[in-house]
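Not measured: the values here are computed from a predicted model.
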Amino acid sequence: MKHVYLDTNVYNALCERTSNCGQLTLRHRPEEYRILLSPINILEILQVSDKYKREGVVRLLQAICDIKLLADVEKLIVNYVVEKHLIDEHGIYALSISDNESELDKVWADIKSNPSKTFIYSHDTIGQLRILKQLESVMHVFFSRGGSFSTGIESLPSLCNITSPDIIKTFKNYISDTRQLPPQEPRPEPWNECIWFLITMILCVGLTPFPSGIDRLWKLLKQFTVEDRLAYAFDKMSFLCSNGPFIGMGALMGWQVSKPHSRGNIFDCYHVSYLPYVHEFYTLDEGLLSFARSHPQSVNFSKILDASLFIDNLIS
């Protein structure tokens with residue numbers, strides 16, 4: 001049975017093709033493939049401002065997606081760190097930080113089983129996502145203008161102020177000022193630098209949608225400040241730069257830096273983290289498709305496929 005993962009734009013397109021998303025009939029047998037939903041799909045859908053459109057997509061999810069939710073990307077990262085780093089030092093006790101069913105798993109199973117229910121989301125989570133998007137924009141403009149961690153990051157806003165109420169304004173001012181500078185030509189593809197940026201942002205700062213597992217990881221390691229976490233990561237987690245979830249994320253972000261900025265860049269990085277766990281990933285995002293075409297030798301990136309024909313074949 002194929003495990004199929006859909007970009008959020010595919011759900012939106014499917015909804016636009018039918019008058020009743022909740023009654024959509026699919027032209028396939030259930031034993032042929034499972035359509036797997038991810039937490040990042042859910043968060044993107046919850047940001048749709050039009051209530052009726054948003055609820056229509058939720059009804060579609062209930063109609064066609066599997067009851068089992070994909071793990072959040074943060075759990076994939078923590079599991080990888082546990083496997084490659086903590087298992088020898090802390091043994092089986094380390095596994096307890098990441099193997100519990102999340103609250104969102106339970107919420108989705110409940111909503112999937114009862115079509116009258118829908119998602120209730122936290123405004124704090126959406127606020128954190130806005131910070132995350134702005135920070136990704138900061139790093140895009142920084143790298144595309146030739147910035148580098150090795151040559152100095154003094155111009156960047158401090159990550160230690162990430163919880164400040166003024167951080168969005170600070171990021172916007174930095175982006176506006178830096179965009180006055182011409183992009184470096186040809187634009188670089190700072191793959192390794194982007195990997196370390198993602199390690200810093202997600203693993204060390206915890207600026208990510210589902211940070212609870214990451215917080216438990218650092219508690220286990222007795223590293224409580226961002227500075228201590230960064231020092232620990234640079235000293236003992238270099239393996240994250242050679243394999244694991246950050247590799248695909250960093251490759252895509254490095255490629256994105258060489259192109260004009262897109263608002264969905266950061267979530268695309270989260271989406272590609274699921275490629276090792278599915279057989280096919282369908283998208284309508286031309287940027288992602290172009291990225292996949294630029295890496296024809298990659299087993300995982302070759303799973304990124306154009307959703308146009310898939311959508312036509314899906315709807316009866």
Side-chain angles (χ1 to χ4, degrees), residues 7-9 40 43-44 47 73-74 77 126-162 164 166-209 226 230 240-241 245-273 283-295 301 304:
D7 200 345
T8 309
N9 54 47
I40 208 69
L43 289 181
E44 286 190 301
Q47 292 179 86
V73 170
E74 296 83 353
I77 292 168
I126 300 301
Q128 190 176 35
L129 292 178
R130 292 194 183 101
I131 295 176
L132 184 63
K133 287 181 177 180
Q134 286 295 324
L135 181 56
E136 188 278 328
S137 298
V138 165
M139 299 315 298
H140 184 280
V141 75
F142 173 73
F143 286 131
S144 64
R145 268 65 181 178
S148 168
F149 289 153
S150 59
T151 59
I153 58 173
E154 293 80 8
S155 65
L156 285 173
S158 172
L159 291 176
C160 294
N161 296 326
I162 209 75
S164 166
D166 297 325
I167 195 66
I168 290 286
K169 181 179 179 181
T170 300
F171 284 165
K172 286 183 176 179
N173 288 341
Y174 174 83
I175 294 166
S176 177
D177 292 343
T178 309
R179 279 185 177 154
Q180 303 305 312
L181 304 173
Q184 189 177 42
E185 297 295 346
R187 293 195 186 193
E189 288 193 33
W191 183 1
N192 197 61
E193 298 248 3
C194 287
I195 290 174
W196 274 113
F197 162 64
L198 290 163
I199 292 171
T200 299
M201 177 182 72
I202 297 172
L203 187 60
C204 298
V205 178
L207 183 62
T208 191
V226 171
L230 280 167
L240 292 171
C241 294
F246 286 113
I247 300 302
M249 297 175 82
L252 176 56
M253 181 169 280
W255 181 88
Q256 288 169 339
V257 166
S258 69
K259 306 292 185 287
H261 186 255
S262 171
R263 291 177 59 192
N265 277 353
I266 189 63
F267 291 128
D268 289 342
C269 292
Y270 278 78
H271 285 307
V272 299
S273 299
T283 182
L284 295 170
D285 186 324
E286 182 52 41
L288 272 175
L289 294 169
S290 178
F291 167 73
R293 290 192 292 268
S294 70
H295 294 78
F301 297 150
I304 301 174

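Legend: residues meeting salt bridge (charged side-chain N to carboxylate O under 4.0 Å, His left out) with Arg293, ordered by chain and number and at least two apart, are Glu286. Here Ser137 pairs with Ile175, His261 under the side-chain contact (heavy atoms from CB on, under 4.5 Å) rule; sequence neighbours left out. The side chain to side chain donor-acceptor pair (under 3.5 Å) search around Thr8 returns Asn41, Glu44, not counting sequence neighbours.
Shown here for Leu252 and Cys269, the closest heavy-atom pair between the two residues is CD2-N, 3.7 Å. Summarising the geometry of Phe291 relative to Ala251, their closest heavy-atom pair is CE1-O, 3.7 Å, with the distance given to 0.1 Å. Taking both residues in full, the closest heavy atoms of Gly250 and Cys194 are given as O-CB, 3.8 Å, listed atom of the first, atom of the second, then distance. The heavy-atom pair separating Pro209 from Tyr270 by the smallest distance is CD-OH, 3.5 Å. Across every non-hydrogen atom of Cys241 and Trp196, the tightest pair is SG-NE1, 3.2 Å.
Using a 4.5 Å heavy-atom threshold, the side chains of Leu240 and Ile195 count as separate. Two residues are said to be in side-chain contact when any heavy atoms from C-beta on lie closer than 4.5 Å; Thr200 and Val226 fail this criterion.
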_If you apply the rule side-chain contact (heavy atoms from CB on, under 4.5 Å), what do you find for Ser294 with Phe301, and how did you get there?_
CA-CA 9 Å; Ser294 70; Phe301 297 150; over 6 Å; no
_Working for side-chain contact (heavy atoms from CB on, under 4.5 Å), residues Met201 and Glu136_ = CA-CA 9 Å; Met201 177 182 72; Glu136 188 278 328; 5.7 Å; no
